Amino acid sequence: MAARFNPLEADARWQKLWEDRGTFHASGDGERPRAYVLEMFPYPSGRIHMGHVRNYTMGDVLARYRRMNGFDVLHPMGWDAFGMPAENAAMEKKVHPGEWTRSNIDTMRSQLKRLGFALDWSRELATCDPSYYGHEQALFLDLFEAGLVYRKQSEVNWDPVDMTVLANEQVIDGRGWRSGALVERRKLSQWFLRITAFAEELLDGLGRLDQWPDKVRLMQENWIGRSQGLKFRFELAEPVAGEEGFEVFTTRPDTIFGASFAAISPDHPIALALAEGNQALAAFIDECKQGGTTAAELETAEKKGFDTGARVVHPLDPEWRLPLYVANFVLMDYGTGAIFGCPAHDQRDLDFARKYGLPVTRVVAPSPEEADEPIGDEAYIGPGRLVNSRFLDGLAAEDGIREVIARAEAEGWGEGTTVWRLRDWGVSRQRYWGTPIPIVHCEACGPVAVQRERLPVVLPEDIDFETPGNPLERHPTWSGVDCPDCGGPARRETDTLDTFVDSSWYFIRFASQPADSPFDRAEAERWLPVDQYIGGVEHAILHLLYARFWTRALQRINKLDVEEPFKGLFTQGMVTHVTFQDSEGRWLTPDEAESHSGPVTRGRVEKMSKSKRNTVDPEPIVDQYGADAVRWFMLSDSPPERDLEWSEAGIQGSWRFVQRIWRLAAEQAERGGSSWLGAGDDLALDRKVHRAIAAVGANVEALAFNKAVANLYELTNALEKAPASPTRSRAVEILIRLAAPMVPHLAEEAWTALGREGLIAEAEWPVADPALLVEEEVTIAIQVNGKLRDTLTAPKGAAREVLEEMALASEKVARVLDGKPPRKVIVVPDRLVNLVA
RNA sequence: GCCCCCGUGGCGGAAUGGUAGACGCGCUCGACUCAAAAUCGAGUUCCGCAAGGAGUGCCGGUUCGAGUCCGGCCGGGGGUACCA
């Protein structure tokens, strides 16, 4: 038996065997309990990167562990294959997006296979394949027919030079990335999914996702953003274009007597009507349209307003008039697109009031004496009671809110209501490389669904990327069709679907993939929900919320009885690496930094990215060290939810550990394999082994792989030091089984060398003997005033009095206490004694 | 701007409110070797000869006891609805 484990030879041999035997095919035969383990599928950007390796290694360990524990495991892989990079490649490299994507998939598939992941490749799918997106079109039409899809005007980033829509990512400092032109916001008619109809259940559902990270649930909760408040009507002093008023939403109706202005969004119908006869206002509204559409950009833009000259009537005082402003910070998408401003108790309103010389009236004061304390540069947002508020004076905020809502409802000018921060999901993209939206626009009938038997609506192959914009729109023939309803002339929808639609149901298609429908309901329901989903925390909101919505939407239209798609969620950290720059600030790769002639600055450790040139390609690393050392490194040291720093020293350490396990197994094999005969003659080692079995299992189930790795190091250290014995022989084999999910090639090789039949991938996970997990002695910490002064050993379960007596007998304690008796003694059994002097 | 997370030795990190630094990397010394690699053994938070003291980004609080809980800062990261 070889002294060294040779992964170059062994990896491929075992990978082929697993593939030939179909070891990792999910059977779905119902004989074993099922487990669905899924990692977020990759975008085929070109080559596998370390982030993928980390993600898929974690999922793989869990999948292999579950299999060894007797589960029928579904662990599939596919490709999130539509998206912008393929179109960029088409423009830059003159290659068809489909060709580019499919060639990337081929490269990345073979790279993944070299890592020995226990994947069921028979279920592989790519979202750019009509056999996938055709079913997506059918599901879209199901939602359309159920009234969950509608069309409305919505703003996009418009590049006025390239005459094209830009993604947020393509807007840099307010300018188009290619043309450099100042970006404008422009309205287009687009398709939307009614995710807001599910706002409440998506929020409530979070409470039952107890296997999700708290932070993700919190982020989603804030994103959905339930606000309760008052929706009420402001009457205009003079009607505008026949409108006598408009609706306002506020979460603070208690501060209504502190109102000093009303403000509406630049998109508000009243604003547009007023602009008809007011050139200055029209110019202001135009000005508000500059810049991109992102929330960050809108929020950080200078707060500006324009006094329309119109006045509104205070709802609680017909004599009281408030000026009506158009303000750039009022969003048409939130609430009613109109607010009232209470400067004394809202910082943004205060800044606005100061800027435009509006009155500031305090209506909340921490004490009656401070009722007329003037407001400075800071709005008062602390607690207190209402003042200067007529019939509300003296009430606490919550009571004031209730009182105003009650009065508004009684008098008929408003009502208590709930509004959501969540907006409907705009799915139209003015791009080629996506799922065509299966709708036909007919002049006579309007938008009409494509007939089911005509699906899939397939993307045309003959397209050009010579000019910016959507090639589907300028394709000479593709969009011309007859209306499905009336047979008259019509035009296909040329927008494609947001790629988040593709990733909102792929986990269902993995579970069941018939040719003639999106999925078989019964089979999908047997696998779903996904037991453990693993991916980057960057998807905490959008992807995960959209997938939750899509699943619930299918449930509502009675296509699939699954409430939540992902029972367990784990969000993993990034893979980072040092950066290097030369004297002129140019980024250098680690190799370049080493051979560079001039001075080199070692920069911060950052997320691996092409622009910082600090990426490490996994493939040559696998060539050099083998799959197992790379997998082991991905699991070591850093907790999986945190960032992992790639280092040459780290991979070498992993390589050495792989060889250490191998040496243990090789030495054992030379002694004639593992023996199950004879009594365990090394009780101390037996205890360590069984503690390791329990700890590794618990840590793998908790996805605390770094701790499971530490457990295996400890066990290995103990085994290396232990003298030969039947216990040790058994222990070596147990170590191999415990390590098998992490270093599967080595484990198979060692398993065979030890003379065991069959694959370790199909072997049973060892069972810990509870009797060997019990401790007999414990170390007790002795503290004086919470400060450690001594430690002593006591039998486990020793009585409080015994521990206290032992503590007081300690010389070190006596020295600190200086003869005085303690005032108080705190005993934590099996843990510590704290003497309070 | 807003929402969320993170901050512990030279480095990655461990620690149900109960002995801070498990485990790994690195380093130091030693063994083996003609030598090196590999391997093995010992040591390794800081200050101090020691006794002892200090110590988990900073400031404050709760507690017999705080890395852990609470409040306020500082620094870094993720998301912010058309990157995926």
Side-chain angles (χ1 to χ4, degrees), chain A residues 3-4 40 42-43 45 80 82-85 88 154 156-157 165-171 190 195 213-223 225 292-301 303 329 333 348 421-431 498-500 503 536-543 545-546 571 573-574 576 604-607 636-639 641-645 647 649-650 652-654 656-657 659-660 663 704 706-707 709-714 717 720 779-791 822-826 828 831-837:
Chain A
R4 279 199 152 198
M40 292 179 185
Y43 177 78
S45 54
D80 187 15
F82 276 136
M84 276 203 320
N88 295 337
S154 170
V156 293
N157 301 305
V165 176
L166 299 178
N168 288 334
E169 194 190 44
Q170 298 171 317
V171 180
Q190 310 203 62
I195 189 172
D214 287 342
K215 64 170 173 181
V216 175
R217 292 193 292 174
L218 195 54
M219 280 190 270
Q220 291 213 356
E221 186 181 323
N222 291 333
W223 183 263
T293 56
T294 68
E297 226 177 314
L298 298 176
E299 289 279 338
T300 53
K303 308 285 182 281
F329 58 83
D333 293 325
R348 189 189 57 192
R421 208 189 75 97
L422 183 67
R423 307 199 303 258
D424 274 334
W425 177 12
V427 293
S428 295
R429 296 293 180 271
Q430 295 70 44
R431 278 187 257 287
D498 180 4
T499 55
F500 276 126
S503 53
V537 70
E538 67 272 19
H539 294 295
I541 295 175
L542 296 181
H543 160 59
L545 191 60
Y546 292 145
T571 56
M574 300 175 303
T576 62
R604 295 212 329 242
V605 174
E606 296 196 56
K607 176 180 178 172
S636 306
D637 295 351
S638 284
E641 69 278 10
R642 273 205 242 169
D643 292 350
L644 168 72
E645 187 189 340
S647 73
Q652 282 172 11
S654 296
R656 281 200 295 270
F657 182 71
Q659 296 300 344
R660 271 175 74 191
R663 274 196 300 278
N706 58 321
K707 293 185 219 168
V709 161
N711 299 144
L712 289 172
Y713 270 116
E714 267 175 292
N717 289 342
E720 283 173 343
T779 308
I780 306 290
I782 310 300
Q783 302 177 333
V784 177
N785 293 331
K787 210 169 166 62
L788 183 72
R789 293 298 174 181
D790 203 358
T791 56
R823 282 194 292 123
K824 193 173 170 187
V825 179
I826 285 146
V828 181
R831 273 274 177 198
L832 62 75
V833 179
N834 187 15
L835 306 166
V836 185

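Computed from a predicted structure; not experimentally measured.
A straight line from CZ of A/R831 to P of B/rU16 spans 8 Å, rounded to a whole angstrom. A/Q652 places its CD atom 13 Å from the P atom of B/rA37, with the value rounded to the nearest Å. Atom-to-atom, CD of A/Q220 to P of B/rC5 comes out at 14 Å; the value is rounded to the nearest Å. Protein atom CG of A/D643 is 11 Å distant from nucleotide atom C1' of B/rC5, rounded to whole Å. Put simply, CD on A/E299 is 5 Å from C1' on B/rG1, counting in whole angstrom units. Separating the OH atom of A/Y713 from the C1' atom of B/rC25 is a distance of 9 Å, rounded to the nearest angstrom. Distance CG (A/D637) to C1' (B/rG24): 5 Å, rounded to an integer number of Å. Here B/rG13 presents its C1' atom at 14 Å from CG of A/N711, a figure rounded to the nearest Å.
Note that CD1 of A/I782 and CG of A/L835 are 7.0 Å apart. Values are rounded to the nearest 0.5 Å. Atoms CE and CD, on A/M574 and A/E538 in that order, are 8.0 Å from each other to the nearest 0.5 Å. Within the model, atoms CG of A/L832 and OG1 of A/T779 stand 12.0 Å from one another, a figure rounded to the nearest 0.5 Å.
Taking 90° from 0 as the syn/anti boundary, the base of B/rG76 is oriented anti.
Only the P atoms considered, B/rG57 is 14 Å distant from B/rA14, to the nearest whole Å. Here the separation of B/rG21 from B/rU28, taken at their P atoms, is 25 Å to the nearest Å. A distance of about 13 Å separates the C1' atoms of B/rA66 and B/rA15, rounded to the whole Å. Nucleotides B/rC6 and B/rU39 place their C1' atoms 39 Å apart, quoted to the nearest Å. Rounded to whole Å, the separation between the P atoms of B/rA20 and B/rG53 comes to 13 Å. B/rG12 and B/rC27 are spaced 15 Å apart, taking the C1' atom of each and rounding to whole Å. Atom name C1', nucleotides B/rG1 and B/rU8: the rounded distance is 32 Å, in whole Å. Rounded to whole Å, the separation between the C1' atoms of B/rG71 and B/rG77 comes to 23 Å.
Under the 4.5 Å side-chain criterion, counting only non-hydrogen atoms from C-beta, A/F500 is not in contact with A/V427. Using a 4.5 Å heavy-atom cutoff, the side chains of A/Q430 and A/Q190 are in contact. Residues A/T571 and A/K215 are in side-chain contact: their nearest non-hydrogen atoms beyond the backbone lie under 4.5 Å apart. Contact of the A/T499 side chain with the A/Y43 side chain is not registered, since no non-hydrogen atoms from C-beta on lie closer than 4.5 Å. Contact of the A/N785 side chain with the A/V836 side chain is registered, since non-hydrogen atoms from C-beta on lie closer than 4.5 Å. No side-chain heavy atom of A/L422 sits under 4.5 Å from any side-chain heavy atom of A/Q220.
A/T779 comes within 4.0 angstrom of a nucleotide base, judged by non-hydrogen atoms across all strands. Nucleic acid contact for A/L832: base, since at least one base atom lies under 4.0 Å from a heavy atom of the residue. Backbone-only engagement by A/N717 is indicated by non-hydrogen atom pairs under 4.0 Å involving sugar-phosphate atoms exclusively.
Listed for the A/N706 side chain is no donor-acceptor partner under 3.5 Å among the backbone atoms of A/S636. At distances below 3.5 Å, at least one donor-acceptor pair connects side-chain atoms of A/S638 with backbone N or O atoms of A/D643. A/R421 places a side-chain N or O within 3.5 Å of a backbone atom of A/W223 that can act as its donor or acceptor partner. A distance-only check finds a donor-acceptor pair linking the side chain of A/N157 to the backbone of A/T293 [under 3.5 Å].
Look at A/K707 and you'll find a side-chain N or O under 4.0 angstrom from OP1 or OP2 of B/rA15. Checking the phosphate oxygens (OP1, OP2) of B/rG12, no side-chain nitrogen or oxygen of A/N706 falls inside 4.0 Å. The phosphate of B/rG55 (OP1 or OP2) has no side-chain N or O of A/K787 nearer than 4.0 angstrom. At the phosphate of B/rA14, OP1 or OP2 sits under 4.0 Å from a side-chain N or O atom of A/R642.
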Check nucleotides 38-48 of chain B for protein N or O atoms closer than 3.5 Å to its own N or O atoms and list the pairs.
none

Which atom pairs link the protein and nucleotides 31-33 of chain B when you take only N or O atoms and keep those under 3.5 Å?
none

Check your understanding: Could you go step by step and tell me if A/D498 and A/W425 meet the side-chain contact (heavy atoms from CB on, under 4.5 Å) rule?
Key -> CA-CA 10 Å; A/D498 180 4; A/W425 177 12; 3.0 Å; yes
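Contact between A/D790 and A/L788 at its shortest, heavy atoms only, is O-CD1, 3.6 Å. Heavy atoms only, all atoms of each residue included: A/A167 and A/R431 are closest at CB-NH2, 4.0 Å. Taking all atoms of both residues into account, the shortest heavy-atom contact from A/E299 to A/K303 is O-NZ, 2.7 Å.
Comparing A/R789 and A/G653, the nucleotide of RNA chain B nearest to each residue sits closer to the 5' end for A/G653.
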**Study point:** Summary of protein contacts for nucleotides 79-84 of chain B, nucleotide by nucleotide, where a base hit scores B, a sugar-phosphate-only hit scores S (4.0 Å, heavy atoms)
**Key:** SBBBSB
Study note, to complete from the structure: B/S/- along nucleotides 64-72 of chain B (protein heavy atoms under 4.0 Å) is BS-------
Practice item. Toss me the dot-bracket line for RNA chain B: Watson-Crick and G-U wobble, both under 3.5 Å, 5' to 3', using | for pairs to another strand and [ ] for crossers. Key: (((((((..(((.....[....)))((((((.......))))))(((....)))..(((((..]....))))))))))))....
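Residues passing the salt bridge (Lys or Arg N to Asp or Glu O under 4.0 Å) test with A/D637, sequence neighbours excluded: none.
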